[in-house]
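Heads up, the thing below is written out as structure tokens.
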Amino acid sequence: MKRKSLLIVLALVLVFSINAVSFAAVHKGGTITVGIASDAQSLDPRYVTTASGMYISSQIFNGLIKLDKNVQFVPDLATWETPTSTEYIFYLKKDVKFHDGSEVTAADVKYTYESMLDPKYASPKAGNYTQIVGADDFINGKAKEVSGIKIIDDYTISFTLKEPFAPFLVNMNLGIVPKHIAEKTGKEFTDDPIGTGPFKFVSRLVEQQTVLVANDDYFEGRPNIDKVVFRPLPESSVGVIELETGSIDVLMSVTQDDIVNIENNKNLVLDSASGTNYQYIGFNVTHEPVNNKYLRQAIAYALDKDSIADYFNGVRTYVPLPGGHYLAKEMANSPDINKYEYNLEKAKELLAKAGYSNGVTVTIKTSSGREELAQIMKEMLAQVNINAEIQLLEWGTFYNDVKQGRAEIYLLGWLGIIDPDGYWFFHSEMTPPNGGSNRMYYSNPTVDILIEKGRRTLNPELRDQYTEDTYKLITDDCPMIFLYSEADLAAHRKGIVGFEPAPYPVTILANLKSVYLEN
Amino acid sequence: MIPVILGVSLIVFSLMHLTPGDPVQLMLGDYAPAADVTRMRDALGLNDPLYIQYFRFITGAVHGDFGNSLFYREPVMTLINQRIGYTFRLSLLSMLISYIIAFPVGIISAIKQNSWLDNFGMVGALLGVSMPSFWLALMLILLFSLHLGWLPATGVGTWRHMVLPAITLGTSGAALTTRLVRSSMLEVIRKDFIRTARAKGLSEKVVIYKHALRNALIPVITVIGLRLGSILGGAVITETIFARPGIGRLMVDSIFKRDYLVVQGITFIIAVSILIANTVVDLTYSLVDPRIRYE
């Protein structure tokens, strides 16, 4: 008994001493300088379209909800419930203040979403919210407000959708702006943005730096550091040098080429998270000769995708989802998903079936950054008598060719994929010119129906089943060859404590409020 | 001058609109359905006929208004004003560095032709021309910022931020001008009037600096004039590597984003600068060589 008591006392001493050490180590104050790839084009969350803009804007503003480091939705300014399959009610936290001291109310939320849908402001994000009842009438000037956004009381607001829409929450992390200020300043709101976030805007020198200071009244507690400075560093190799010299403390634009330099420097820490991206080979399925499904499948079999993934330090993926996504992992083991494992014999058989037993010439279009992948493909395809001609184009021209259907085979990737909704990429409605992102010009009526069912289903298990059924058909039709996901990278100097690696769009900056300097 | 500016503006306008790629598509990204793209194009005035867009551009330009950037949503003139000072200061300093090196080396190389000094100068000039500026910039950063820690690698603010970019930008200019000064001097010092000057018993200093150099300056001034006009847009790589705000970087970024109005605005300003620089150069000829007169 005595021994047991002694052990309990010792355990308690240990626990308290650990806490004491960790509390003692938390140092308040100091400045952190963050290197970003380019300057933000806007700090107004309604207009931000670049990663750099999002990094800064997300420190100044809070959305109704946010993504945690595991890319799951969690409450930010509000908790929510879905009483019916088409209604989302958000309950705002009370006593949350904007940086000017005014309280956040449902009127600010309604204004934020309506001003973004207002054609007068031409927000590039307006298209994300047309599922809300009355959004179309508001955009077309037939209504003065969006009927589907209703203020229930000062702290409660509801969004009603035209039909059940499973990915609705994906866009509900938009930063909330104060109505009484944004209404007055209009498009100039970006010059002096006021939000609710952990940091307040101080100054911005275009292409030089943006300075933010800690918000003493932040509703989740004051940040540990006093100030954060964002500096655009367009040349990534120079970014690493700046990190090494200590001119910056955090670098957000880390490339695969920088990994060795960072890992070899004992003063630096690499923050690597399983990426929310995937790289793929796209076929324009209306374009000869790749309109032939057997030829597309032959190409898929002829490529050693495991080696390609290894070569680019990626995680192999078999479906249009990042390799680390739970559904991608499940489907990697599913016998129903054709994984096109490297098989030259099978490739030759399919080539013969496609009518190209004597070989065929195809054209691969790509842009700067993926030329090495194109070269590897060319060499692999030569083994089965497929002659691949590579066209390396400037980005704008390449992108235009892909959209206009002038790229037979193209190399691209998707970033920030957090939802398994296949509508944007594979539904026939999204084929250019009507849609934007089904650049394969792929159309399969059964796939369309399955995708629609999936996005109208709020039951997670049923939705996953629809997704798997959809991807089974898509992998068989082979409008894309899925290759690999890259890790989402950042780096910081040792001595900064509290960063948690997280994928894009969350990133290590999501936790900046809790970060502190050791000395 | 006005027809030239109009011609330049028309060419730039046509080239930008003929280049494949749509600024709205690039701005809205892949998810954007056609209705959103059309709505955005309407809001930005991109659905208007080209001649109306051109007319809008040229009438605005006369008043110094180049419209609003499609990407930044700010007046083009504001974007240019925010950056032009940085480009101008960097370019002037780099030109100063290049001439401080080029004139003495070029003159010495010419008067000591085929000596070790001449060979040394010419090897240096060859190196200066051959080194790509991005490589030189990275080497300078590695040496002076990372290893020695003497100078900041990137940014703006103090004179120390200017040193490395100015050396990077000035090196190739120094090399080119050195070779030009040398060849121009070599041509002049073989002329009869130089022999006469020497025969008169003038000191070598007077012969070289008063008689030879002045006459050798005409082609050099022509090149300086051309550089003066083009420096505004010519520092793209240096501005990018050293993370300096600048007109060159803005222009290249805008070309990639198909931000037509920004590209048109900057090109217009550069064209006008080159025209003004050429006029100034023409006037300078008469100062250097009194035989040249303008009527």
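None of the values given here were measured: they were computed from a predicted structure. To find a chain, count down the sequence lines: A is the first, B the second, and so on, and within it residues start at 1.
Residue A:T397 touches chain B through both its backbone and its side chain, counting heavy-atom pairs closer than 4.5 Å. With a 4.5 Å cut-off on non-hydrogen atoms, B:Y86 touches chain A through its side chain but not through its backbone. Looking at B:L250, neither its backbone nor its side chain comes within 4.5 Å of chain A, counting heavy atoms on both sides. Interface remark: A:S237 contributes side-chain atoms only to the contact with chain B (heavy atom separation under 4.5 Å). For A:L205, no part lies near chain B; criterion is any non-hydrogen pair under 4.5 Å. Residue contact with chain B, scored on non-hydrogen atoms closer than 4.5 Å, is absent for A:T130. The part of A:Y47 that comes within reach of chain B is its side chain, from C-beta onward, which places non-hydrogen atoms under 4.5 angstrom from that chain.
Of the residues considered (A:I139, A:D39, A:I248), A:I139 shows the highest number of contacts with chain B, using heavy-atom pairs under 4.5 Å.
To the nearest 0.5 Å, the span separating CD on B:Q82 from CD on A:Q208 amounts to 9.5 Å. Atoms CD and CD, on A:E235 and B:E239 in that order, are 14.0 Å from each other to the nearest 0.5 Å. Note: A:Q41 CD to B:D253 CG = 12.0 Å, rounded to the nearest 0.5 Å.
By the 4.0 Å N-to-carboxylate-O rule, A:E394 lies close enough to B:R258 to be salt-bridged with it.
For residues 147-161 of chain B, the set of pairs meeting the side chain to side chain donor-acceptor pair (under 3.5 Å) definition, not counting sequence neighbours, comprises A:R231-B:T154, A:E242-B:T154, B:T158-B:H161.
Residues B:P245 and A:V206 approach most closely at CB-O, 3.9 Å, considering heavy atoms.
By the side-chain contact (heavy atoms from CB on, under 4.5 Å) test, A:D137 pairs with A:K142, A:A143, sequence neighbours left out.
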